[in-house]
Every structure is written in structure tokens, then in C-alpha cells.
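Before anything else, here's the structure in question.
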Amino acid sequence: MVNICLIGTGRAGMIHGRNMVKKIKYAELSALCDPMEENLQNAQAELAVKYTYQDYQEALANDEIDAVIIVTPTAYHKEIAIAAAKAKKHILCEKPLAMDEQECKEIISEAQKNNVKLQVGFMRRFDVSFQEAKKVIDSGEIGDVVLVKSLTHGPSKPKEWMYDISLSSGPIGEVNSHDLDTLRWFANDEVASIYAIGGNFRSPEMGGQYPDYYDTVSMNLKFKNGILGAIDGAQYVQYGYDARAEILGTNGSILIGDQGKNNLFVANKNHQITHSTMNSWTYLFREAYVKEDQAFVDCIMEDTMPLVTGYDGLMAVKLVHTGLTSLLNNKIEYL
Ligand SMILES: NC(=O)c1ccc[n+]([C@@H]2O[C@H](COP(=O)([O-])OP(=O)(O)OC[C@H]3O[C@@H](n4cnc5c(N)ncnc54)[C@H](O)[C@@H]3O)[C@@H](O)[C@H]2O)c1
């Protein structure tokens with residue numbers, strides 16, 4: 001068994017916590033850690049683990065623990081991941097891996113030095129449709145990949161700190177880091193250039209205080225091997241959570257995702273058909289999180305490389321910063 005400590009018991013943390021307790025083979029959720037007493041108590045009431053901690057250093061000192069899942073606000077990822085690697089604990093860290101490239105490099109280096117696994121939380125890579133698309137691309141069925149398009153739109157009103165793009169990076173950081181990872185994965189290459197344009201369409205009243213804030217972005221990318229990429233991102237779209245992708249090849253194409261929550265269509269006496277929209281990423285990707293957590297435990301048990309590496313985490317952080325620089329300077333950025 002792999003004994004796991006969940007560090008951070010908030011929104012995303014509880015997804016991993018519930019999976020580890022109920023759904024993951026060869027895993028034991030042994031400990032919870034959160035400085036916020038209320039969150040820790042609520043998590044313990046539901047998950048009933050052996051140990052609880054408010055200080056992650058104390059959790060890391062527990063020899064029974066083999067691995068940690070870091071799901072704290074991103075600003076704390078670096079210090080916790082480095083301390084975990086030094087304590088020889090394997091690491092699953094939620095995305096973004098850290099605040100900037102330098103921090104990512106430090107985490108990667110410490111994990112390598114201490115010979116621990118480092119997996120980053122890009123759960124779309126574990127989604128059945130995304131995995132099937134990757135297999136179809138690799139089989140050659142659609143010919144050579146020419147263009148990869150991906151979009152993510154989030155429904156919720158931004159929290160106050162998100163309007164400050166020096167803290168949030170706006171939608172490029174909040175939602176598009178997943179799309180940037182998807183494009184690298186499907187193009188099987190690294191990005192050569194990015195051009196991003198955006199605007200604030202839904203919260204004009206915030207423009208005075210936060211003139212750089214944008215809620216919608218469109219990015220054009222070019223890969224080193226010539227493949228083209230297109231991403232769009234948006235926050236506060238209100239209609240639902242929307243994540244779709246399209247891969248155009250020289251002799252075929254692949255479409256992933258639609259906006260519906262399920263296959264239910266309701267026809268009414270007004271001659272209208274209604275279909276519920278997807279409400280949340282937690283619903284859309286719930287099975288992908290299970291597979292992501294199982295893959296983390298498996299790579300520890302089998303001593304194999306994680307399917308999403310620290311390097312993938314680093315590249316996503318780098319591309320978010322490059323995209324934002326392009327948007328702010330209104331010019332193509334080359335990598
Ligand atoms: N994969 C995804 O699509 C996805 C989705 C949501 C969030 N995330 C990422 O997960 C992370 C957490 O986001 P969230 O929405 O769950 O946040 P949240 O605010 O709901 O939860 C964070 C929790 O961490 C706790 N915490 C703060 N400092 C801590 C510390 N030093 N040690 C232990 N716990 C600490 C907080 O008390 C809180 O309970 C962020 O990095 C976020 O970007 C990823």
C-alpha cells in the first residue's frame with residue numbers, strides 16, 4: 001500500500017481525498033493537513049483518516065507517509081513540494097506546478113535529487129476522450145496533425161484577486177493552462193511562438209481599478225515542427241463549464257467534447273427541446289481525476305515515470321507567462 005497525506009483540503013483537495021479513500025487501489029489515505037481548522041475538521045469528519053495536521057512540516061516528519069498530494073493555493077506549492085522531496089515523499093502536485101519557471105525548476109531538481117516521483121495535475125490527460133484522441137493521432141488515422149484547437153470557458157464570476165492579473169494571469173493562467181498542456185501533448189512538440197489578444201467584456205465596471213484585466217482571450221500558436229494551434233479562454237461565461245478540442249489532420253479530424261451535461265433532451269409543448277449544459281469541471285472530469293490518482297499510485301508501485309511530469313508542469317507555466325506577455329505587449333512572442 002502507498003500511504004498518502006493530502007495537503008490542502010479545499011475544493012480540489014477533497015476530490016483527491018474522496019478518490020483516495022473510496023476508489024484507488026493500493027492507496028491508503030493516512031493523513032490530512034490544513035492550517036484552516038474548519039476545513040480540516042470537515043475533511044476529517046468525512047474521510048476519517050489516522051492522522052491530522054495543521055502544519056505540513058509535522059506531516060512530512062511522519063515516517064509512515066510515502067506520498068503527498070499538494071492542493072494548497074499555488075503560492076505555497078514550491079515550499080511544500082521541496083520540503084516533501086527532501087523528506088523523500090512522492091509528490092502529486094495540482095497545477096499550476098508553481099508561481100514561475102524558476103520555482104518549477106527548483107521543485108523538479110529537488111525531486112530528482114531525492115529520487116521521488118513528481119506528477120502534475122493535468123487531469124485532462126487521463127480523460128477517456130482525450131486519451132482516445134491521442135491514440136487515434138498516434139495511429140496515423142487522420143494523417144499528420146496540422147492544427148490543434150482547444151478551448152476552456154468557466155462559468156463563475158471572478159473572485160476579487162483574479163481581476164489583478166499580476167496575481168492570477170487572468171484566463172490564460174486560470175483556465176488555459178490545461179489547453180496549453182493539451183496542445184503540447186497532441187502536437188507532440190514544443191511551442192515556437194504565441195500571439196494573444198483579449199478584452200474585458202463582462203466586467204467593464206472593474207476596468208477602472210484593473211485596467212489590464214481581460215475576461216476573454218484568443219491565442220494563436222505555432223509549434224517548432226510547424227503545427228498550428230489555437231486556444232480560446234474565458235471566465236464568467238455563466239452558461240456553464242465548457243471544454244472542447246479539435247484536431248485537424250492532413251486527412252481527417254477529431255472532435256472532443258460538447259456543451260451538454262448528459263444525453264438527456266427534453267421536448268415540451270412549446271415545441272422546444274432543452275438540453276442541460278455542463279455545470280462544472282468537477283463533474284466533467286470526475287473520472288479523469290480518479291484515473292489521475294490511480295496513475296500516481298501505480299507509478300510509485302511500479303517505479304515508472306509519471307504520465308504528466310514536472311517538465312510538463314514547467315512548460316505550462318512558461319507558456320502561460322509567454323501568452324500573457326504577448327497579450328500585454330500586443331506582439332508575437334517567440335520562445
Ligand atoms: N486541476 C484543476 O483543474 C484544478 C482545479 C481547481 C484547483 N486547482 C488547483 O488546486 C490548488 C488549490 O485550489 P482550490 O480551488 O482547491 O483552493 P481552496 O482555496 O478551495 O483550497 C486550498 C486549501 O489549502 C489550504 N492551505 C493553505 N495553505 C496551506 C498550507 N500551508 N498547508 C496545507 N494546506 C494549506 C487552505 O486552508 C484550503 O483549505 C490550486 O493550485 C489550484 O490552481 C486545480
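Whatever order the structure lists them in is the order used to number ligands and atoms, beginning at 1. Any value given below was found using the heavy atoms of this structure, including those in side chains, with hydrogens, waters and symmetry copies removed.
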Query raised in the report: Side chains of Q294 and D298: is there a donor and an acceptor less than 3.5 Å apart?
Result: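 Looking only at side-chain atoms, D298 and Q294 do form a donor-acceptor pair, the distance falling under 3.5 Å.
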Query raised in the report: Under 4.0 Å from any heavy atom of I7, which atoms of ligand 1 are there?
Result: 32 (N), 33 (C)
Query raised in the report: Going by the order shown, which atoms of ligand 1 are within less than 4.0 Å of some heavy atom of C33?
Result: 33 (C), 34 (N)
Query raised in the report: Using 30° and 60° as the class limits, which term best fits the ring planes of F186 and F130: parallel, tilted or perpendicular?
Result: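 Ring orientation of F186 relative to F130: parallel.
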Query raised in the report: Which atoms from ligand 1 have a heavy atom of H77 less than 4.0 Å away?
Result: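 In order of numbering, the contacting atoms are 41 (O).
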Requested in this report: Verify whether one side chain among H16 and E94 offers a donor that lies under 3.5 Å from an acceptor in the other.
Outcome: yes
Requested in this report: Specify the closest pair of heavy atoms between R125 and L307, including all atoms of both residues, with the distance to one decimal.
Outcome: NH1-O, 3.9 Å
Query raised in the report: Which of these, Y56, W281, Y53, has its nearest heavy atom closest to atom 5 (C) of ligand 1?
Result: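 Comparing heavy atoms across Y56, W281, Y53, the nearest one to atom 5 (C) of ligand 1 lies in W281.
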Query raised in the report: Going by the order shown, which atoms of ligand 1 are within less than 4.0 Å of some heavy atom of P73?
Result: 22 (C), 24 (O), 26 (N), 27 (C)
Query raised in the report: Can you tell which part of N39 has a heavy atom less than 4.0 Å from ligand 1: side chain, backbone, both or neither?
Result: side chain
Query raised in the report: Looking only at heavy atoms, is any part of H178 under 4.0 Å from ligand 1, and if so is it the side chain, the backbone, or both, or is it neither?
Result: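 Only the side chain of H178 comes within reach of ligand 1.
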Query raised in the report: Considering only the protein, which heavy-atom contact is closest to atom 12 (C) of ligand 1, and what is its distance?
Result: V71 O, 3.3 Å
Query raised in the report: Looking only at side chains, do H153 and D232 share a donor and an acceptor under 3.5 Å apart?
Result: yes
Query raised in the report: Looking at P35, which atoms of ligand 1 are within less than 4.0 Å of one of its heavy atoms?
Result: 26 (N), 28 (N), 29 (C), 30 (C), 32 (N), 33 (C), 34 (N), 35 (C)
**Report entry** Within-cutoff protein neighbour (heavy atom, under 4.0 Å) for atom 17 (O) of ligand 1
**Finding:** no
Query raised in the report: Which of the numbered atoms in ligand 1 are below 4.0 angstrom from a heavy atom of M36?
Result: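 What qualifies from ligand 1 is 37 (O).
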Query - T152 and D179 side chains, donor-acceptor separation under 3.5 Å - result: yes
Query - Minimum-distance protein heavy atom relative to atom 37 (O) of ligand 1 - result: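 Its nearest protein heavy-atom neighbour is D34 OD1, 2.6 Å.
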**Report entry** Side chains of N114 and E110, donor plus acceptor under 3.5 Å
**Finding:**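 Side chains of N114 and E110: pair found under 3.5 Å.
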Query - Interfacing atoms of ligand 1 (cut-off 4.0 Å, heavy-atom, M123) - result: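 So the answer, numbered in order with elements, is 1 (N), 3 (O).
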Query - Part of F122 within contact of ligand 1 (heavy atoms, under 4.0 Å) - result: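 Neither part.
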Query raised in the report: Got more than 12 heavy atoms from elsewhere within 6.0 Å of CE, M1?
Result: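 Yes, because the 6.0 Å sphere around CE of M1 holds more than 12 heavy atoms from other groups.
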Query - Pair Q235, K157: side-chain N/O donor-acceptor within cut-off below 3.5 Å - result: no
Requested in this report: With heavy atoms of P96 as the reference, note each atom of ligand 1 found under 4.0 Å away.
Outcome: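 Once the distances to P96 are compared, the set is 43 (O).
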Report task. Examine the proximity of ligand 1 to Y289 and report which part, side chain or backbone, both or neither, has a heavy atom under 4.0 Å away. Result ->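 Just the side chain.
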Requested in this report: Give the contacting part of R11 toward ligand 1: side chain, backbone, both or neither, where contact means a heavy-atom distance below 4.0 Å.
Outcome: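 Both backbone and side chain of R11 come within 4.0 Å of ligand 1.
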Report task. State, without any angle test, whether R202 and T216 hold a side-chain donor-acceptor pair at a distance under 3.5 Å. Result -> yes
Query raised in the report: With a cut-off of under 6.0 Å to the ring centre and 45° to the axis, is K261 in cation-pi contact with Y283?
Result: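 Satisfied, under 6.0 Å and within 45°.
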Query raised in the report: Does Y76 reach ligand 1 with a nitrogen or oxygen that is under 3.5 Å from one of the ligand's nitrogen or oxygen atoms?
Result: no
